[in-house]
Amino acid sequence: MKKTYYLFNPGRMSRKDNTLKFTPVDESGKEGTPKYIPVEGVSDFYCFGSLDANSALYNFLGKNGISVHFFDYYEHYTGSFQSKEYLLAGKMQINQTQHYLHTGKRMAIAQKLITGAAFNMSKNLKYYHNRGKDLEIQIAKIDLYAREIENITTIPGLMGIEGNIRQVYYQAFDIIVKDHAMEGRSKQPPLNELNALISFGNMMCYTLCLDQIYHTQLNPTISFLHEPGYRRYSLALDLAEIFKPILVDRIIFRVLNKREIQSKDFDFHVNKVILKESGKKVFIRAFEERLNETIKHRTLNKQVSYKSLVKLECYKLSKHLLGMESYQPFKIWW
């Protein structure tokens, strides 16, 4: 089974027959012990440190369908190397573009995305409310906003509703999380530990959605809720709205309340808080565990992983765009 590799240390990567050789390099240029990775066992790399590699290596990765995702010191996603877009199809490209250009068709998809996201956020709060956290006010407000979604007729209006729902949702974090205050959502830069963890987790979810989109015929630059823009894959932002409550927020509540991540796992700067490597490793370990966890799928009637749920969401959207069946967003049923 192929797996994701996370590279925290800077180093050099090269090809050795059908094996990848990664040699860590410290700040003084001293090489560490090389690690050998069989190429057939790799799905993708997440690079949090600088990676030294040549074009021959990337040609080799491309032929084997291996993606490489890059992040800077401040945990920002900076870009990806992907193999050539062999799955892109002309008919899908045309239909996806037409759905974006047609106001009614675009709104129908955007409304479903917000509906799914709001439902999953509310479901999270209900889970903790049933375990002794008083979240009745926040749940009622989110459900009230959610009922307005179908009456909104513009994308800016939908984004406004989404913003209101998120604001109420994040207010609940101060009730759910024990030792860390939310103090409102802050990003670019995050101003405290909880916001730094949310930013890191959201970035991981966005990158996962992008990677799964690349395994389908969808074009990641043509979106429906978020405006397509230069230098970003906005369809991944659309899908991440649905999965952030499931794949990110539940993990944040766990690692903080169980003290798996503590204040010592953050770097504190003037007007900026950054998750240290120790904290990233803990979060990523929990994130991978969640992605590999399986549930019994209601429609498919078989066990599927959380990671597969993201790809299945891409397939559902593809079928909608091709007129095969109406898109229904993923909603937690447990």
Side-chain angles (χ1 to χ4, degrees), residues 1-73 75 77-89 92 203-221 233 236 247 277 280-294 302-312 314-315 318:
M1 180 179 176
K2 292 188 175 184
K3 60 181 287 188
T4 298
Y5 284 83
Y6 299 90
L7 305 178
F8 292 96
N9 298 320
R12 285 189 288 273
M13 185 176 289
S14 58
R15 172 186 180 182
K16 188 174 179 61
D17 299 323
N18 278 331
T19 300
L20 297 170
K21 177 184 177 182
F22 178 74
T23 305
V25 180
D26 64 20
E27 294 179 357
S28 63
K30 183 180 178 180
E31 294 185 355
T33 304
K35 181 176 183 179
Y36 295 90
I37 308 170
V39 69
E40 63 270 13
V42 182
S43 64
D44 52 0
F45 288 103
Y46 282 59
C47 295
F48 295 97
S50 60
L51 181 66
D52 184 8
N54 58 26
S55 59
L57 185 278
Y58 284 109
N59 284 332
F60 182 57
L61 294 176
K63 289 177 181 177
N64 285 276
I66 297 173
S67 305
V68 186
H69 308 294
F70 298 95
F71 308 86
D72 65 17
Y73 172 76
E75 304 161 2
Y77 168 81
T78 56
S80 296
F81 165 80
Q82 300 276 3
S83 57
K84 65 179 181 179
E85 301 168 319
Y86 61 93
L87 289 178
L88 284 181
M92 178 64 75
M203 178 268 298
M204 292 294 295
C205 185
Y206 164 80
T207 310
L208 168 69
C209 291
L210 174 61
D211 194 64
Q212 295 306 299
I213 289 170
Y214 266 106
H215 288 83
T216 71
Q217 295 180 350
L218 293 168
N219 187 317
T221 65
Y233 301 105
L247 300 179
E277 182 179 319
K280 291 176 184 176
K281 287 182 176 179
V282 172
F283 185 90
I284 286 172
R285 191 181 306 119
F287 188 71
E288 280 290 307
E289 289 173 358
R290 174 52 62 95
L291 293 184
N292 293 324
E293 188 179 333
T294 61
K302 67 176 184 179
Q303 296 291 125
V304 298
S305 68
Y306 279 79
K307 187 174 184 178
S308 297
L309 290 175
V310 181
K311 185 183 288 187
L312 289 171
C314 295
Y315 290 149
S318 298

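Positions are given from 1 along the sequence.
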I'd like to know whether N219 forms a side chain to side chain donor-acceptor pair (under 3.5 Å) with T221, so could you lay out the CA-CA distance, the side-chain angles of the two residues, the decisive distance to 0.1 Å, and finally the verdict.
CA-CA 6 Å; N219 187 317; T221 65; 2.6 Å; yes
Go through it in stages, so that I can follow the logic: the residues are D44 and Y214, the test is side-chain contact (heavy atoms from CB on, under 4.5 Å), and I'd like the CA-CA distance, side-chain angles, deciding distance and then a yes or no.
CA-CA 12 Å; D44 52 0; Y214 266 106; over 6 Å; no
side-chain contact (heavy atoms from CB on, under 4.5 Å) evaluation trace for L291 with E288
CA-CA 5 Å; L291 293 184; E288 280 290 307; 3.9 Å; yes
Might you work through the side-chain contact (heavy atoms from CB on, under 4.5 Å) test for L208 and M204, ending with a clear yes or no?
CA-CA 6 Å; L208 168 69; M204 292 294 295; over 6 Å; no
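The heavy-atom pair separating K21 from P34 by the smallest distance is CE-CB, 3.9 Å. In plain terms, the two heavy atoms of C47 and V68 that are nearest each other are SG-CG1, 3.7 Å. Annotation for I213 and T216: closest pair O-OG1, 2.8 Å, computed over non-hydrogen atoms. When all heavy atoms are compared, the tightest approach of A236 to C209 is O-CB, 3.8 Å. When all heavy atoms of M92 and Q217 are compared, the pair lying nearest together is CG-O, 3.3 Å.
The line from OH of Y36 to OG1 of T19 is 9.0 Å long, rounded to the nearest 0.5 Å. For the atom pair CE of M13 and CG of L51, the computed distance is 5.5 Å after rounding to the nearest 0.5 Å. In this structure, OG1 in T33 is found 12.0 Å from CZ in F22, a value given to the nearest 0.5 Å. Atom-to-atom distance recorded for L7:CG and F70:CZ is 9.5 Å, nearest 0.5 angstrom.
By the salt bridge (charged side-chain N to carboxylate O under 4.0 Å, His left out) test, E293 pairs with R290, sequence neighbours left out. Residues passing the side chain to side chain donor-acceptor pair (under 3.5 Å) test with T78, sequence neighbours excluded: none. Partners of Y46 under the ring pair (Phe, Tyr, Trp, His ring centres under 6.0 Å) rule, at least two apart in sequence or in another chain, are Y6, H69, F71. Under the side chain to side chain contact (heavy atoms under 4.5 Å, CB included) criterion, D26 pairs with S28, K30, sequence neighbours left out. Residues that satisfy the side chain to side chain donor-acceptor pair (under 3.5 Å) test with S14, not counting sequence neighbours, are absent from this structure. For Y315, the ring pair (Phe, Tyr, Trp, His ring centres under 6.0 Å) criterion is met by no residue, not counting sequence neighbours. By the side chain to side chain donor-acceptor pair (under 3.5 Å) test, R15 is found to be paired with no residue, residues two or more places apart in sequence or in another chain being considered. Taking F287 as the reference, nothing meets the ring pair (Phe, Tyr, Trp, His ring centres under 6.0 Å) condition, with sequence neighbours excluded. Considering only residues two or more places apart in sequence or on other chains, S50 meets the side chain to side chain donor-acceptor pair (under 3.5 Å) condition with none of them. In this structure, the salt bridge (charged side-chain N to carboxylate O under 4.0 Å, His left out) partners of K281, at least two apart in sequence or on a different chain, are E277.
Using bins of under 30°, 30° to 60° and over 60° for the plane-to-plane angle, the ring pair Y77/Y206 lands in the perpendicular bin.
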Atom pairs and distances, side-chain donor-acceptor, residues 303-310, under 3.5 Å, sequence neighbours left out:
residue: Q303; atom: OE1; partner: K296; partner atom: N; Å: 3.4
residue: Q303; atom: NE2; partner: T294; partner atom: OG1; Å: 3.1
residue: S305; atom: OG; partner: S308; partner atom: N; Å: 3.1
residue: S305; atom: OG; partner: S308; partner atom: OG; Å: 2.9

Donor-acceptor list for residues 54-67 side chains, cut-off 3.5 Å, not counting sequence neighbours:
residue: N54; atom: OD1; partner: A56; partner atom: N; Å: 3.2
residue: N54; atom: OD1; partner: L57; partner atom: N; Å: 2.9
residue: N59; atom: ND2; partner: S55; partner atom: O; Å: 3.3
residue: N64; atom: ND2; partner: F60; partner atom: O; Å: 2.8
residue: S67; atom: OG; partner: Q82; partner atom: OE1; Å: 2.5
residue: S67; atom: OG; partner: D211; partner atom: OD1; Å: 3.3

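Summarising the local packing, CG of D72 is surrounded by more than 12 heavy atoms from other residues, nucleotides or ligands at distances under 6.0 Å. Annotation for K35: atom NZ does not count as buried by contact number, only 12 or fewer foreign heavy atoms lying within 6.0 Å.
Contact annotation: the side chain of Y5 never approaches that of L20 to less than 4.5 Å [non-hydrogen atoms, C-beta and beyond].
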